[in-house]
Structure formats: structure tokens, C-alpha cells
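All heavy atoms count here, side chains included; hydrogens, waters and symmetry mates do not.
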There are 4 protein chains.
Amino acid sequence: MYRALIIESAERVFADAGFEATRVQDVAAECGISLATLYGVFRGKNELYSAIHKERLVELMGRISHELDPDVDPLDSIIERDRIYVEFHMEHVDYLRMHLREGNAWAAGASLRVPEQAQAWARGLELGTAAFAACIEAGLMIEDDPALLFRTSVAMNQVRLAAWIDGGQRESSDEVTQRMRRAFVRAFCPAHIVAERLA
Amino acid sequence: MYRALIIESAERVFADAGFEATRVQDVAAECGISLATLYGVFRGKNELYSAIHKERLVELMGRISHELDPDVDPLDSIIERDRIYVEFHMEHVDYLRMHLREGNAWAAGASLRVPEQAQAWARGLELGTAAFAACIEAGLMIEDDPALLFRTSVAMNQVRLAAWIDGGQRESSDEVTQRMRRAFVRAFCPAHIVAERLA
Amino acid sequence: MYRALIIESAERVFADAGFEATRVQDVAAECGISLATLYGVFRGKNELYSAIHKERLVELMGRISHELDPDVDPLDSIIERDRIYVEFHMEHVDYLRMHLREGNAWAAGASLRVPEQAQAWARGLELGTAAFAACIEAGLMIEDDPALLFRTSVAMNQVRLAAWIDGGQRESSDEVTQRMRRAFVRAFCPAHIVAERLA
Amino acid sequence: MYRALIIESAERVFADAGFEATRVQDVAAECGISLATLYGVFRGKNELYSAIHKERLVELMGRISHELDPDVDPLDSIIERDRIYVEFHMEHVDYLRMHLREGNAWAAGASLRVPEQAQAWARGLELGTAAFAACIEAGLMIEDDPALLFRTSVAMNQVRLAAWIDGGQRESSDEVTQRMRRAFVRAFCPAHIVAERLA
DNA sequence: GATGAATGAGCCTTCATTCAT
DNA sequence: GATGAATGAAGGCTCATTCAT
């Protein structure tokens, strides 16, 4: 089936040019197939775009959206989720580039083009906010609006991922995750937790 | 001169719809002038877009890009710059909305549509990186890649500004700046500075 | 305004080629204008087609659809309506050709492409059926299903009009109407009325 | 052989949607065969359409186009032909629906899509005109252009057939033929023949 | 022989841009 | 200077048709 091939090629083209500037013809050319063949698999440009997001976001949300284990330290739970988020995007670089180009959901949820993105963002925001609230409750995090903190953490992760791409994708996901963890703790935890965790 | 009128109207339309989805016709209608008149002032859609950025970025860079006073505490200098950045965007909400919609330069410098943006980002990155490096040098900031820290700080500011818009633009720039300052110090300074500054 | 020019040109092209085989490009070329100009006046092929029908049918129905004068002989009333119908189409030959090509509503009302046509046919059928029923009631017409008789009369008129076109459009509307009247009386009236009217 | 199956299925689809709106794919689906198989039997959409008409029209013309028996009353000969025409179409309802949708040859001979139709119409017109002329010659029919009378009679038959379909195809061909015969005599015969034949 | 898979060519529609008035 | 009117140049999408298996 062409489906997977098309999705991968389309990710590359969308990542390079953005949704609007991408011509369906270009995607077909990138796949090495004809326009009509592509339209045989996806019903149109929008559906193709949606399909990419659905494909990737279902996987990402599947990995990430389980309820947090109450026995695990809530701070570690969040950091673990961030690790999954980062690892996933490092496995799907072209999707990451699409994400970085158009996906600043934290800035304007309304700007998301397809329902799959909007739903995933809504779900992620819900889960993230709850997790941050739990940390605040437990005294593990500074007192502030948990939704705002979560959005900030997403932006910080995106910066790290963007820097990873700019730097030639050389670092391993473990290295990136480690750095991210330190920045995270510093940004969101009270002094004694910072001291304890970053010792 | 129509110039200022067109720029303001165009900001609104671009902010609402994004560059690609905005039709020049719509901008003219928003201005209450004819298409041909608009083309008499700006040579095309791209030039209009550039002109907006030039107009705003020249002002912003003018306010922000003086060399830092060596007598002033380098940390305070950065925070002052952030204050200016935030204040400026709170005075130009439509431009801010354009900025948030398309301007995640920290993520992908290559995605910037117009040279004005690219230059301003390059200059800002240069200044910011130097300032962060000075702070690190002075032991006021944690040791890390100053460019990465700067990009992170930009993203954090953008999140704050986005939240300010989402929240109905109720807070004053002072309130936003205060909160931003605390988040900044926490995220980027070593423990003893945090203790000192957030006392 | 191009509206009238386009409608006339489009009638010609649609009459020659039929709706499906007509390319909007052809209509524009027939008008001597560009495609985009045509689209500035009509929003699309369907709307253009509808507009033609609306334009013509509003006029035709305006001429034809008044209530019948109860003082006038009901048979004469119907014949008068037929005269108007024929005269109208002889004034609008290209519309007549479209009508003959696609407008066999009497055969399959469901096949009408645009609402304007469907409504006009529904209204015409209603009026015609009522008028025929009145004639039957008055003993001026043979006893049969008035709707069927009406549909037959429409088909007969269309044959006359088609023959008029095939014959080079030489006859006057009076001549055509006269012949039509004789055929009408013969086909639908009982013997004594035929004798009386065709004396 | 798929030939007959395809023709029957295609008739149904063409009757429902019309030539232009029918996709070859839909015909294949209706047959339950693949597109390529269909193209193995017919060389294209046009040829398929032609084949349907050829198939049906050869049969119809075979039944109808013998020379008239000079010993039989010429009026009865025509009525007998009409009976055959009606009976044939009542046996092939989908073909009848195609015929009613696109086949108003009496209106515009030029609009016939395929040569089979055009030839059959030309032959039918020739035969019909000759037969009507013979009736006129014999004083059995009113004096008028025999071709026009023939075209009118075809239209009248089509109206009856359309009404038969609309009415749920309940009447037998004998019933329809009877009614048609009465309408025919009334429309085309002089008073004394009407009196004699409709007694 | 039957088919799934593939495509070339074309049509409708949009929009940035120009120019005569 | 301002504009209404006009258009060239694309882009999304469809469908009749073919061909390797």
C-alpha cells in the first residue's frame, strides 16, 4: 500500500514548504507516483494532511496518554511524559519539522488546521494541566497557573527539539532528555526540590 | 498617507487569517480603499507583508538593540529588554498575533517569510546570545549554551503573551513583566541568585 | 454590465453543446472576455446556468401565470397561454434550443437540473392542469386525465417549435400559433367543439 | 459473454444519471465486474453507449420497419407500429428511461449522441413520414406536413410512456395502446374518421 | 480472460496583479 | 491620485483509459 509511503513523503514536503505552499503535485512527485494515484489513496489535500496528523498523533497519544501511576512521583511522571514526547518526535523528524512550523498550539489553539491536531492538543492540555496541578498540590512545583506552566514546558521542549535539529541531529534522545529534565526542574520547581533533584 | 492605515488594517487581517489565506482584496476592503489604491502604495502582497514587519521591527529593534550599559547589572539588562519586548507587543496586539501565528523563529529560523523578520531575528539572536553569555560569564546565570537559553527565553515570553491574549488582555504590562521576570530568574539563574532576586 | 451579454452568449453555447459538454472557457470565449471576468459576474457554471433559467423563466412566468379571466372562454384561455409560450420562445431562440435539448420536463420532472426549472415546471403543471380540468368540466374538452392532456399539449408545442427551427425560423409566430391552435382543438376537444372551432 | 449483462447494467446506470454524469467505473460496479473487464468487451464509454443503442434499436427496427402490407388499412398499419413501439419500450424500461431522458429526436435530430440513434431516427422518420403521407393520400388523415404529424405522434407516445412510468408501470401494454390509439385518431384524423373509429 | 493499479489530460475555480479612465 | 474592470497563471481534483500480472 502506498499509504505509508505517501505519508512519509508528504511529511517531508509539508515540513519543507508548509501546508499552503505545498502543491499536491509536489507530494506526488516526491512519492514518485502520479497525482491520480495519490488521489486514489487520499481524497484531497486536507485529508492527506489530516491523515498524517492522525497517523502520528494516534501513536503519540497512545504512548503518552495513559493515566499517571499514583505510586510514581508526580514530577517524575511528567518528566517521563516529556521524555516520550521528545523521543517520539526524534523518531519522526519530518513530522517534528511540521510540528515546529505550524504547531505552536500553546500560542493559539484556534490556529490548528485539522481536528486531529485540535483534539490532541486539547487532550494533551488536559492531561498536562492535571499533572502539573498534582505536582503543585504536592509541593513539588511552584505555585502558578498549571495550564500556563504546562504550555511553557511544551514551548521549552520545542525549543530543545528545534535546537537538536539545527545542531544536525547529533545528540541522542537520552542526552536531550537529560538536559530537558534539568531545565524543567529549574524552571518549575521550588528551590529545595531543585537542590534535591539536580544534585 | 494611506501607508499607516493600510499597515494597521493588514495586520488585523493577516493576524486573523495568516499570510496565505489572506487575500489582498480583503486587506483593501478592511481599509475601505480600492485594490488599485493599495497597489499604488505597496507593490504586492509580499511587499505589504514585509512593510509591516519592517515598520514594526525597526521600532522594536530601535527600542531594544542599544548596546548594554556596562554599568548596569547584566541580568537586569536582559530583563529590561524583555520588558521592552513585551511592552512593545502589548501595544501592537495585531502584530503580536501575527508574530505568535507565524513567528516561531526560535524553532526554525529558515521558516521566516520575509528578510526583515530574518534580519531582526538574526540581530536579536546575536544581541541576546551576547547578553546571556555575559551573564554566564559573570556567574549570574547557569552554564549552558547561551543561544539555547536565549531561544528558550523568547519562547517563554511568547507563551506569556499568548496567555495574556487568551485571558482577554486584562493584565497590565507591568503585571506581565513581573511574572515574566520571576519565571526568567527561576529558569536561568543559579540557586543563590534565585534566592537573592526572588526574595 | 456583462450580465446580459454573458447570458446571451452562454445560451448559445449551452444550446449547441449541452450543459455538461460546455466548458466555462468556451462561454468566456464566446463573450470575448476572460474566464476570470466571467467568474466576476457569475460564481460558477451552475450559477450561470441557473441565472439563464431564472432570467428567462421569470419573464415567461410573468407573462403566462396570471389567473385565468373567468369571463373568457376557458379553451381560449389555454390557447392564449400557448400563444404566449410559443411567442416567448420564438423571441429567445437560443433559450428555446436549450429548452428543447434538456427540457423534456413532461417526460421526467426529476431530470431538471436547476431549481428554477423545476419550480417553473411545477407551477406550469399546476396552472395547466387546472385550466385543462376547467375545460373538461365545461364540456369543452374530452374526458381524460387533465395532467396527461396538459403534458401532451406541451410536447405538441415543443414539436411545433422544433419544426419551426428546423425549417429555418421562417414562419411568423402568428402562423405557428394558428397551426398549433388547430392541432390543439383537434387533439383535445370533442367532435362538436372541433366542428365549431375549426369551421 | 458479459456483453448482455453489461448492456443491461449500463442501461440502468445511464437511465439514472445520464450519459455525462455516468462514470464507466459505476457501470462496472453495477455489473459486478472490473473496469478492465468492461474495457475488454467495449472499447470505451462511447462505444458502450453506442452498443446499447445498436442492440435495442436493431431489435426495435426489426420489429417495426417492414414495408407496410398494402392490403392492410394504412391507418391501422401506423397504429400497429405504434403498438409495437410502445410494447418494445415497456419491455425495456431502462432503455425507455434513457430514451426519454436524452432521446427527443423529434425536437433536435442533431442532438443525438451516437450514429445508431441518428440512423434509427432517420429511418423511422422516413418510414413514418411515408406512412402518414399514405394516410393523407387516402383521405384517412388531415392534410398537413406528414413529417410534422409523425414527429407529433412520436412525442405523444413518449408522453404516454413517461406517464406510464410515473404512474408506477401498472398498466398493461394493451391498455396503454388502447388509449394511445384513441388519442392518435382524434389528433390526426378528420371528423368522419374519428366518428367511425372511436364509435 | 480478468483484474488491480496507475495515469494523462483536462476542467472548474481562485487570486495576485495591472491598466484605462 | 483613485478606481472599476479585467486577466494570466496557477492549483485542486476527476475520470476515461491502459497495462503488467
Under the 6.0 Å and 45° cation-pi test, does Lys45(B) pair with Phe14(B)?
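Not flagged: Lys45(B) not positioned over aromatic ring of Phe14(B).
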Candidate nucleotides dA6(F), dT3(E), dG8(F), ranked by approach to the side chain of Ala36(D) - the nearest:
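Of all the options, the side chain of Ala36(D) is nearest to dT3(E).
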DNA chain E: 5'-proximal contact among Val41(D) and Gly44(C) (nearest heavy atom):
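Mapping each residue to its closest nucleotide by heavy atoms, the 5'-most match is Val41(D).
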Let me spell it out: for each of Arg23(C) and Ala21(B), pick the nucleotide of DNA chain E with the closest heavy atom. Which residue's pick is nearer the 5' end?
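The 5'-side residue here is Arg23(C).
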Quick one: [X] [atom1] to [N] [atom2], roughly how many Å, whole number?
X        : N       : atom1 : atom2 : result
Tyr49(D) : dC15(F) : OH    : C1'   : 18 Å
Arg43(A) : dG12(F) : CZ    : C1'   : 15 Å
Leu35(C) : dG11(F) : CG    : P     : 16 Å
Asp26(A) : dA10(F) : CG    : C1'   : 12 Å
Lys45(A) : dT14(E) : NZ    : P     : 15 Å
Glu47(C) : dC12(E) : CD    : C1'   : 14 Å
Leu38(C) : dT7(F)  : CG    : P     : 10 Å
Gln25(A) : dA9(E)  : CD    : P     : 13 Å

Hey, what's the ring geometry for His89(B) with Tyr95(B), parallel, tilted or perpendicular (30° and 60° as the breaks)?
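His89(B) vs Tyr95(B) ring planes: parallel.
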dA2(E) pairs with, by Watson-Crick or G-U criteria that keep both distances under 3.5 Å:
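When the pairing criteria are applied, dT21(F) turns out to be the nucleotide that pairs with dA2(E).
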Can you tell me the base-pairing partner of dC11(E)? Count Watson-Crick or G-U wobble geometry only, both distances below 3.5 Å, and say none if there is no partner.
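Matched dC11(E) with dG12(F) under the 3.5 Å cut-off.
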So, does Tyr39(B) get its side chain near the phosphate of dT3(F), meaning an N or O under 4.0 Å from OP1 or OP2?
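False: Tyr39(B) side-chain N/O out of range (4.0 Å or more) of dT3(F) OP1/OP2.
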Scan Phe42(D) against the nucleic acid and name what it touches under 4.0 Å (heavy atoms): base, sugar-phosphate only, or nothing.
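The answer is nothing, as Phe42(D) stays clear of every strand by at least 4.0 Å.
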Can you find a heavy atom in the side chain of Phe88(D) that is under 4.5 Å from one in the side chain of Arg56(D)?
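Contact flag for Phe88(D)/Arg56(D) side chains = yes.
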Hey, does the side chain of Arg113(D) reach the backbone of Asn46(D) with a donor-acceptor pair shorter than 3.5 angstrom?
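Absent.
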If you pin Asn46(D) and Glu20(A) to their nearest nucleotides in DNA chain F, which one's is more 5'?
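Comparing both residues, the 5'-ward one is Glu20(A).
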Would you mind telling me which residue lines up with the more 5' stretch of DNA chain F, Thr37(A) or Ile33(C), judged by nearest nucleotide?
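So the residue in question is Ile33(C).
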At their closest point, which heavy atom of Leu5(D) faces which heavy atom of Cys31(D), and how far apart are they?
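Reported closest heavy-atom pair: CD2-O, 3.9 Å.
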